[in-house]
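Please read these numbers as outputs of a predicted model, since none were measured by experiment. A, B, ... follow the sequence lines: proteins, then strands. Residue 1 opens every chain. Every heavy atom of this structure was used, including side-chain atoms; hydrogens, water molecules and symmetry mates were not.
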Protein chains: 4
Amino acid sequence: MTELAELPATPGAARTQGRPRSSRAHEAILEAVLDLIEEGTTVEALSMEAIAARAGVGKATIYRRWAGKDELLLETLVKLKGPPTQPLGDSVRADLIRLLSVVGQKDQRAVRVMPCLMPEVSRSPEAYRIWQEAITEPRREVMREVLRRGVATGELRADLDIEVVVSMLISPLLLHRMVRWNPRLDEVDDLTEQIVDVVLQGVAA
Amino acid sequence: MTELAELPATPGAARTQGRPRSSRAHEAILEAVLDLIEEGTTVEALSMEAIAARAGVGKATIYRRWAGKDELLLETLVKLKGPPTQPLGDSVRADLIRLLSVVGQKDQRAVRVMPCLMPEVSRSPEAYRIWQEAITEPRREVMREVLRRGVATGELRADLDIEVVVSMLISPLLLHRMVRWNPRLDEVDDLTEQIVDVVLQGVAA
Amino acid sequence: MTELAELPATPGAARTQGRPRSSRAHEAILEAVLDLIEEGTTVEALSMEAIAARAGVGKATIYRRWAGKDELLLETLVKLKGPPTQPLGDSVRADLIRLLSVVGQKDQRAVRVMPCLMPEVSRSPEAYRIWQEAITEPRREVMREVLRRGVATGELRADLDIEVVVSMLISPLLLHRMVRWNPRLDEVDDLTEQIVDVVLQGVAA
Amino acid sequence: MTELAELPATPGAARTQGRPRSSRAHEAILEAVLDLIEEGTTVEALSMEAIAARAGVGKATIYRRWAGKDELLLETLVKLKGPPTQPLGDSVRADLIRLLSVVGQKDQRAVRVMPCLMPEVSRSPEAYRIWQEAITEPRREVMREVLRRGVATGELRADLDIEVVVSMLISPLLLHRMVRWNPRLDEVDDLTEQIVDVVLQGVAA
DNA sequence: TGGTAATCGAGACGGTACGTCACGTCTTTCG
DNA sequence: CGAAAGACGTGACGTACCGTCTCGATTACCA
């Protein structure tokens with residue numbers, strides 16, 4: 001899996017000589033982004049200049065590590081999300097509810113960042129790739145595993161299309177978190193359960 | 001329903017005196033936005049200056065009508081989407097498939113604009129309101145009607161939560177269009193049918 | 001002598017039909033300019049829009065009468081200066097002092113306007129012509145007459161160059177008023193007398 | 001003597017850190033102004049944008065050094081005038097003629113710039129101060145010295161007011177250059193000599 | 001231990017777009 | 001038809017960021 005690799009100092013050259021990059025600066029930058037987001041800074045006000053100033057860092061120090069704002073925000077989001085929640089292996093239903101209940105809920109700041117990345121992710125294949133590999137796929141894979149187990153135990157239909165079901169489970173919640181797709185859903189705190197139940201009923205063996 | 005009202009010339013004053021706003025300019029601006037999008041202009045290159053130049057219009061003429069780029073893009077999107085597709089009144093299944101098959105497909109330009117509005121829609125309550133009223137709600141309402149009919153005819157369970165089901169139907173397709181959420185779904189040209197079938201199975205009476 | 005003629009309503013057409021021009025508007029505009037100058041408005045802030053607003057007049061009403069801001073300011077200055085002071089016919093010395101003591105002193109607002117016209121007057125031959133005819137020449141002519149009388153009475157040398165002497169008398173005071181050329185001169189309230197005396201001594205018969 | 005000091009990067013802070021200001025840019029800007037003036041650009045067409053474009057410089061680079069167009073033009077004028085002409089120490093009359101014969105003649109571009117600065121110089125005390133210190137005073141001082149020498153040698157009256165005489169000598173020529181105060185004077189190529197002679201006659205011992 | 005080389009914070013650089021303002025003209029309605 | 005009102009296309013304003021480029025001053029490694 002291709003990583004959010006740092007830019008090489010000089011492409012193709014040994015990266016051992018000279019002063020090493022300061023990990024303090026690296027983290028100060030990511031922290032600065034999170035701080036600014038937390039303070040409610042709007043996207044256009046979330047400028048590289050503001051980030052550098054907040055981090056107490058020169059702008060070049062940022063550009064030495066990331067190719068642009070989108071890359072930086074993407075890595076911030078990855079850091080924010082962390083590894084996906086793991087299923088407990090109880091029932092398929094309980095595991096799905098467990099996995100879905102954290103979609104966009106763990107850290108409110110992630111909800112703030114995600115919509116800002118949509119323009120870039122929808123346009124740049126590279127941004128899309130990173131988004132997929134670092135954010136989407138790990139979570140889908142966990143969910144696929146739970147569904148495969150359901151098929152194996154005979155709980156779920158053998159011919160179900162796992163990708164479709166995964167999308168059906170995640171999409172409504174994700175969209176809801178991003179743009180409060182339907183505000184009336186806020187009153188339904190068992191929205192997750194309802195979705196799981198409808199889908200499970202629809203794909204029951 | 002509150003509209004995408006133009007900015008008043010002087011808030012609270014009668015808007016009858018003086019030269020009236022040119023509808024020619026108004027439309028030239030919206031056309032310019034669509035042209036630029038069609039030519040593949042990226043969002044950051046879709047500047048107010050470029051729009052004004054393309055429309056053969058002064059920048060002030062744009063700002064007289066819209067408060068900023070987001071408002072303008074939003075109205076462009078509203079114009080692009082037009083009124084929602086209407087159901088034919090055949091079976092519930094056929095109607096749902098008909099309604100869903102145009103989600104983000106009718107005009108490829110809309111797919112290009114929508115992700116760019118996510119940052120604004122997710123942040124500004126006003127942008128969100130317009131987005132809801134002009135884009136989302138009309139389409140959800142059509143779909144609600146189809147589902148209510150299904151309940152009335154006894155095809156669907158009487159206690160189903162219509163809002164949840166509508167979200168389950170639309171979200172996967174919309175997200176897919178916006179960020180190609182799962183590219184493997186591109187191979188599934190009957191994705192729409194699968195989703196409808198799973199949901200209908202899940203909420204059958 | 002060509003005048004600051006108003007622009008004809010329609011060149012070559014009878015100016016009898018339709019609503020006659022409002023003299024009220026004409027004066028309101030000139031008043032507005034003077035008001036704004038008096039309030040200390042800077043040149044760039046002395047915009048046509050501000051003048052029209054202050055006069056309670058449409059911009060077109062101004063442009064119907066003057067070709068541009070410079071023409072308007074020029075006429076304002078002409079109105080401000082009024083007819084030149086007349087000599088009393090006493091001694092040459094007393095008359096010159098009388099004429100010079102009002103250079104740029106009668107109305108403090110004129111001192112404010114004049115420097116603003118320098119760029120235009122120094123560049124546009126037309127503005128220069130009007131400036132000469134309406135402001136400069138009448139005053140120089142009065143002074144020439146006094147000097148000619150001095151020559152006739154034998155007080156002054158018969159071969160003096162009147163134009164040179166007139167310039168020598170007026171220039172120091174005018175420049176002093178416009179840019180306080182030498183602030184130390186402010187302490188010399190008999191500056192005018194000194195200048196007259198030096199010149200008279202220099203050109204005595 | 002206070003200078004046309006550049007704007008400090010951060011007022012009160014040490015100006016040693018960071019990339020130093022480019023002297024190349026500084027001079028390119030001044031050159032651009034002179035070029036544009038030379039080409040006959042009118043004042044209103046002498047925009048900051050045009051200057052920046054001609055100098056191959058960003059607008060911010062100009063605003064980092066000067067507070068506005070007037071400050072820039074003023075410094076351009078100072079550069080244009082250079083140090084004042086020095087007297088040769090011959091006779092008082094010859095020295096005065098020498099000094100006066102270059103008033104506004106050395107560089108035709110200076111004549112173009114000066115009237116444009118009148119509005120600013122007559123209004124802003126700061127612009128007036130710089131104008132005095134960098135343009136006016138050095139030239140007046142040279143002339144004062146010549147007059148003082150005349151008094152010392154007994155050529156001139158001991159009680160003459162040097163400031164008044166200096167103004168009488170310079171003003172007619174300066175005003176003539178700026179606004180061709182009296183075009184008939186163009187025919188008098190010995191205007192300078194006439195003025196000097198009248199004044200010397202008027203203040204002779 | 002002393003050079004070498006890349007990094008650091010800082011901030012200026014050439015650009016581009018922003019949103020505002022004024023220009024002088026044009027197009028309404030009202031008197 | 002002149003008036004006011006105010007929208008029109010134009011273009012400059014001064015500001016803010018972009019991503020790059022010097023600066024002098026720090027580090028680490030390697031000789």
Would you tabulate the nitrogen or oxygen pairs shorter than 3.5 Å linking the protein to nucleotides 28-31 of chain F?
none

Just the rounded figure in Å: distance from [atom2] of [N] to [atom1] of [X].
X       : N      : atom1 : atom2 : value
C:Leu72 : E:dC23 : CG    : P     : 11 Å
C:Leu73 : E:dC23 : CG    : P     : 11 Å
D:Ile62 : F:dA16 : CD1   : C1'   : 17 Å
B:Asp70 : E:dG19 : CG    : C1'   : 14 Å
B:Trp66 : E:dC18 : CH2   : C1'   : 18 Å
D:Lys69 : F:dG11 : NZ    : C1'   : 12 Å
C:Glu71 : E:dC23 : CD    : P     : 14 Å
C:Arg65 : F:dA4  : CZ    : C1'   : 13 Å

- request: Can you sort out the partners of B:Glu49 under salt bridge (charged side-chain N to carboxylate O under 4.0 Å, His left out), two or more places apart, ordered by chain and number?
  value: B:Lys59

- prompt: Can you list every salt bridge (Lys or Arg N to Asp or Glu O under 4.0 Å) pair that touches residues 28-40 of chain B, not counting sequence neighbours?
  reply: B:Glu31-B:Lys79, B:Asp35-B:Arg54, B:Glu38-B:Arg109, B:Glu39-B:Arg54

task: Using heavy atoms to find the nearest nucleotide of DNA chain E for C:Leu46 and D:Ser22 separately, return the residue whose nucleotide is more 5′.
output: D:Ser22

task: Look at C:Arg64 and E:dC26 and indicate whether a side-chain polar atom (N or O) is within less than 4.0 Å of OP1 or OP2.
output: no

message: Could you tell me if the side chain of D:Leu46 sits less than 4.5 Å from the side chain of D:Leu73, heavy atoms only?
response: yes

- request: Would you indicate whether the side-chain heavy atoms of D:Met118 and D:Trp131 approach each other to under 4.5 Å?
  value: yes

- prompt: How close do A:Trp66 and A:Glu75 get, heavy atom to heavy atom, and via which atoms?
  reply: NE1-OE1, 2.8 Å

task: Name the residue closer to the 5' end of DNA chain F, choosing between D:Ser47 and C:Ala25 according to the nucleotide with the nearest heavy atom.
output: C:Ala25

- request: Please name all residues satisfying side-chain contact (heavy atoms from CB on, under 4.5 Å) with C:Ala50, sequence neighbours left out, ordered by chain then number.
  value: C:Leu36, C:Ser47

- request: Output all residues satisfying side-chain contact (heavy atoms from CB on, under 4.5 Å) with C:Arg123, sequence neighbours left out; order by chain, then residue number.
  value: C:Pro119, C:Glu120, D:Thr42, D:Val43, D:Glu44

- request: Could you identify which residues of residues 48-61 of chain B place a heavy atom less than 4.0 Å from some atom of DNA chain F, listed by residue number, or say none?
  value: B:Gly56, B:Val57, B:Gly58, B:Lys59, B:Thr61

- request: Between F:dG19, F:dG9, E:dT7, spot the one nearest the side chain of A:Tyr63, thanks.
  value: F:dG19

task: Decide side-chain contact (heavy atoms from CB on, under 4.5 Å) for B:Leu72 and B:Thr76; before the verdict, give the C-alpha distance in whole Å, the side-chain angles of both, and the deciding distance to 0.1 Å.
output: CA-CA 6 Å; B:Leu72 172 54; B:Thr76 307; 4.0 Å; yes

query: Just checking, any donor-acceptor pair under 3.5 angstrom between side chains of D:His26 and D:Arg65?
result: yes

